[in-house]
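Note that the coordinates shown come from a computational prediction; the quantities given were computed from them, not determined experimentally.
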Amino acid sequence: MEDNTKNTEEITPRVLKMTTKRGFIELFNEELYKEMRKGKRGKTQEEIYESLETEYMKSFKRRRYTSFNSFRRRKDA
């Protein structure tokens, strides 16, 4: 039997927070605030979203949302 645990990242409290809609949105807003303070050299909202998705995918091997637009729709609902 193959051991798949070697291919997953440790689930940190930050990643665990991403498993809820509210938690993912809170992290997104925190990152957005940090980037806004940088001014024009900061990341776009989509870049922030993709970096969170990448972090989430390292632990769960799937995306939290199907796309940035999907996230935006659910965030505003």
Side-chain angles (χ1 to χ4, degrees):
M1 186 179 280
E2 188 175 327
D3 183 9
N4 290 332
T5 58
K6 294 177 185 175
N7 295 329
T8 58
E9 295 286 318
E10 178 181 340
I11 298 177
T12 64
R14 177 178 164 89
V15 173
L16 193 56
K17 187 175 184 176
M18 289 183 198
T19 62
T20 67
K21 175 184 172 182
R22 181 178 178 178
F24 197 96
I25 291 169
E26 285 177 5
L27 289 171
F28 175 83
N29 288 333
E30 289 171 13
E31 295 299 319
L32 180 60
Y33 178 73
K34 287 179 196 175
E35 293 301 321
M36 287 173 64
R37 293 186 63 184
K38 293 179 183 177
K40 288 189 176 188
R41 60 188 172 90
K43 293 179 183 176
T44 65
Q45 289 187 23
E46 192 164 359
E47 289 170 331
I48 294 167
Y49 161 77
E50 286 297 338
S51 68
L52 289 173
E53 280 288 6
T54 299
E55 194 174 340
Y56 184 88
M57 285 174 38
K58 285 180 181 177
S59 293
F60 297 107
K61 305 299 181 211
R62 65 180 183 86
R63 296 177 69 84
R64 174 76 172 93
Y65 296 95
T66 56
S67 67
F68 178 62
N69 286 332
S70 173
F71 166 68
R72 281 186 19 197
R73 284 191 304 272
R74 295 188 194 307
K75 178 174 77 80
D76 296 335

Smallest separation among heavy atoms of Leu16 and Thr19, with atom names | O-OG1, 2.6 Å
CG of Leu27 to CG of Leu32, rounded to nearest 0.5 Å, is 12.5 Å
By side-chain hydrogen bond (donor to acceptor under 3.5 Å, both in side chains) - contacts of Arg73 (at least two apart) | none
Residues at least two apart in sequence or cross-chain that pass ring-ring contact (aromatic ring centres under 6.0 Å, His included) with Tyr56, listed by chain then number, are Phe60
Partner residues of Arg63 under the side chain to side chain contact (heavy atoms under 4.5 Å, CB included) criterion, sequence neighbours left out | Tyr49, Glu50, Glu53, Met57
Tell me, please, which residues at least two apart from Glu47 pass salt bridge (Lys or Arg N to Asp or Glu O under 4.0 Å).
-> none
Please identify each residue that fulfils side-chain hydrogen bond (donor to acceptor under 3.5 Å, both in side chains) with Glu30, with sequence neighbours left out.
-> none
Interatomic spacing from CD in Gln45 to CD in Glu35 - rounded to 0.5 Å | 11.0 Å
Just jot down the side-chain hydrogen bond (donor to acceptor under 3.5 Å, both in side chains) partners of Lys17, sequence neighbours excluded, or say none.
-> Glu26
From OG1 (Thr66) to CZ (Arg74), nearest 0.5 Å | 6.5 Å
The ring-ring contact (aromatic ring centres under 6.0 Å, His included) partners of Phe28 (sequence neighbours excluded) come to Phe71
Residues that Thr20 engages under side chain to side chain contact (heavy atoms under 4.5 Å, CB included), provided they are two or more places apart = Arg22
Salt bridge (Lys or Arg N to Asp or Glu O under 4.0 Å) against Arg14, all qualifying residues, sequence neighbours excluded = Glu31, Glu55
